[in-house]
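Worksheet: the structure to be examined is printed underneath.
Atoms within each ligand, like the ligands themselves, are counted from 1 in listed order.
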Amino acid sequence: MTIHQLINERVQAALAAAGAPAAPAVIQPASKPDFGDYQANGVMGAAKALKTNPRALAEKVVAALDLAGIADKVEIAGPGFINIHLAPEYLARRSEAALKDDKLGLAPLKPQRVMVEYSSPNLAKEMHVGHLRSSIIGDALARVMEYLGHEVVRANHVGDWGTQFGMLTAYLVETSQDGNAALELSDLETFYRNAKIRFDESEEFADRARDYVVKLQGGDQEVLRLWRQFVEISLEHCQAVYDKLNVNLKREHVRGESSYNDDLPVIVKELRAAGLLTESEGAQVVFLEEFRTQEDQPMGVIIQKKDGGYLYTTTDLGAVRYRHKTLGLDRVIYVVDARQSQHFAQMFSICRKAGFAPEEMKLEHVGFGVMMGDDGKPFKTRSGGTVKLIELLQEAEERAYALVAEKNPDLPEAEKREIAAAVGIGAVRYADLSKNRMSDYIFSWDTMLAFEGNTAPYLQYAYTRVQSVFRKAEDYDANARVVITEPAEKQLAAALVQFEDTLLSVADSCYPHYLSQYLYQIATLFSRFYEACPILKSEGEVRASRLQLAALTAKTLKTGLDLLGIKVLEAM
Ligand code: ARG
């Protein structure tokens, strides 16, 4: 059991003994060290419900509270807060257990089948910054859930279908004829633009493009072959970004929109059978009472257009149906731009009504805000174009390289490059993962690459600092006892043993910045401990114990950063 769960259970039992069995204990880490390590804030609410005096109830709860061996002081503060001070021996035993365990003392949980759908670019064009955020956030969530022991299914729901692909395959054929298709495709953005120019200029080309759409939808083997070729090339572009960004997405995670084609007529049929479809101006529409238009009418979601074509929502319904029927998932997480929140809310609502997803299958839209440039406007190139992700990542590495070369000019070139890649990519990932995903955030090279403050380089550097202690200590004993006496030791240990609770809250809320904040806190507490409590200069049991706390710090930082997809270095 985690510390949080344990305290919650004990306070809950004490509340029951004091006559308030239904009240939640509301356990939180203490807001100040003076208040101990945890506080239980549930007494006020319980007292209100029972119409009794909160202080008196708090006294009863404390009298019934059994934290023997866990806390060494419990006190009542203010109107009825209960402050809990953990016992140093308890923290020491937990720290030792975490050190001995491969997974830092994590308890096995009941595994769920969780899908994390992320990245999901449209293959017609180059990936853009919206996909950067989705890739980074989704990847961190998938890693955390996997580490906790869930069965994670990664999904890259790429946009590989629709009328643009007629135009693109027609243009692929045309440019291949003069032998430079591969060259043109090396830049998807230009390829798309040129195809569009052709389409707008030439009636004859536009007709061919439209003909290709019909052939694609009709399953024409030759056009399908060309389309597949285009899709494969485009996926290679994405893969280059994933590899550089340390995003754990591979070809086998791709299941594009096109794979649901055959299900779309079935979706229409089932919606009709469920009595959910209405014909409106020739289109097949689901009207949702709970979503209102400006005129206070039920909002309509188009499922099939008048010309028989299907829409983005129809494909998403097909995907949910597949994810339930074929994959049997317990939870599906969609990491997609917050601007699509209405789409997801409506789509989920249709799924429930039509039975594509039973109530017990959780569907969650995990949104995120816009990435802004230094100028506070949505991130663009200087000329206002979309920023190519691969170039952005190359720039991150170049900038990190310049910093490394300045700090450490004598390092061998290969090592400088390795550090630059870890720091540059780490900085980009951490800049995103350290903020509440729902807010817009400013992409600033100087801020994210700073060695001070809540940044990746700061944490990576903190890790190397801990490691350097071990390079100097010749006699580290991995089985030494942890003995906690100093306040700085206690604070560090109390934070270190919250790792599992932190991961659980990330998995529950899908907010990776809880983990970032936690790691930053660990790094900060370590440096306070390092200043207040000499490690190598101390002796005997004290020295051995401090080395143990340093070892657990290193292990926690390394594991935590790895879950954020950030590499650590032994020296930098
Ligand atoms: N391809 C879409 C885009 O680039 C994102 C897809 C999100 N996932 C979904 N199941 N709708 O905007």
Side-chain angles (χ1 to χ4, degrees), residues 114-139 141-142 152-165 168 188-189 192 227 230-231 234-235 237-239 241-242 245 247 249 253-261 263-264 267 286 301-303 310-327 329 331-352 354 356-357 361-371 378-380 386-389 437-438 510:
V114 186
M115 172 176 279
V116 184
E117 191 213 274
Y118 63 111
S119 195
S120 309
N122 293 329
L123 298 184
K125 293 193 178 189
E126 204 85 44
M127 275 171 89
H128 60 73
V129 290
H131 303 118
L132 178 69
R133 294 210 70 184
S134 172
S135 304
I136 292 174
I137 296 168
D139 195 53
L141 294 175
V152 173
V153 183
R154 290 174 165 77
N156 193 356
H157 186 82
V158 300
D160 60 354
W161 203 244
T163 50
Q164 312 140 313
F165 287 91
L168 292 165
L188 270 178
E189 213 58 35
Y192 186 90
W227 163 78
F230 180 89
V231 166
S234 186
L235 282 173
H237 287 230
C238 300
Q239 196 60 49
V241 171
Y242 300 147
L245 193 55
V247 160
L249 276 176
H253 302 123
V254 172
R255 198 179 159 90
E257 293 183 7
S258 65
S259 64
Y260 302 102
N261 278 344
D263 303 332
L264 304 181
I267 293 293
V286 175
V301 180
I302 303 179
I303 302 297
Y310 302 100
L311 288 114
Y312 185 55
T313 308
T314 327
T315 304
D316 263 331
L317 294 172
V320 172
R321 191 172 164 280
Y322 169 79
R323 290 165 182 183
H324 167 57
K325 280 194 131 166
T326 309
L327 302 182
L329 298 165
R331 183 178 182 193
V332 184
I333 290 162
Y334 294 82
V335 187
V336 185
D337 194 321
R339 287 172 291 191
Q340 293 195 28
S341 67
Q342 173 158 301
H343 158 73
F344 283 107
Q346 296 184 334
M347 194 269 282
F348 294 163
S349 166
I350 298 174
C351 285
R352 301 294 182 207
F356 298 147
M361 174 174 169
K362 271 180 94 185
L363 300 171
E364 287 164 74
H365 172 213
V366 168
F368 50 82
V370 181
M371 184 166 135
F379 196 77
K380 290 269 156 67
T386 30
V387 177
K388 268 199 215 152
L389 291 189
R437 59 176 162 74
M438 289 310 281
C510 293

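Here Tyr118 has no heavy atoms under 4.0 Å from ligand 1, in either its backbone or its side chain.
Each of the atoms 12 (O) of ligand 1 lies under 4.0 Å from some heavy atom of Gln340. Close approach of ligand 1 to Phe344 (heavy-atom distance below 4.0 Å) involves ligand atoms 9 (C), 11 (N). Those atoms of ligand 1 that come under 4.0 Å of a heavy atom in His157, given as number and element, are 8 (N), 9 (C), 10 (N).
Of the polar atoms of Asp316, at least one N or O is found under 3.5 Å from an N or O of ligand 1, judged by distance alone. By the 3.5 Å distance cut-off applied to N or O atoms, Tyr334 is not counted among the residues near ligand 1.
At distances below 3.5 Å, at least one donor-acceptor pair connects side-chain atoms of Arg437 with backbone N or O atoms of Gly367.
Here the protein heavy atom with the shortest distance to atom 2 (C) of ligand 1 is Ser120 O, 3.6 Å. In this structure, the protein non-hydrogen atom closest to atom 6 (C) of ligand 1 is Tyr312 OH, 3.3 Å. Of the protein's non-hydrogen atoms, Glu117 OE2, 2.8 Å is the one closest to atom 8 (N) of ligand 1.
Aromatic rings from Tyr310 and Tyr260 are positioned such that their centres are separated by 6.0 Å or more.
Val158 pairs in a side chain to side chain contact (heavy atoms under 4.5 Å, CB included) with only one of the listed residues (Val231, Leu235, Asn122), which is Leu235.
Neither side chain, Tyr334 nor Asp316, offers a donor N or O lying under 3.5 Å from an acceptor on the other.
Taking a 4.0 Å cut-off on heavy atoms, His131 registers as neighbouring ligand 1.
For Leu123 against Ser234, the heavy-atom pair with the smallest separation is O-OG, 2.7 Å.
Within 6.0 Å of the CD1 atom in Ile302, the count of heavy atoms belonging to other residues, nucleotides or ligands does not exceed 12.
For the pair Phe348/His365, a side-chain contact is recorded, criterion being any heavy-atom separation below 4.5 Å from C-beta on.
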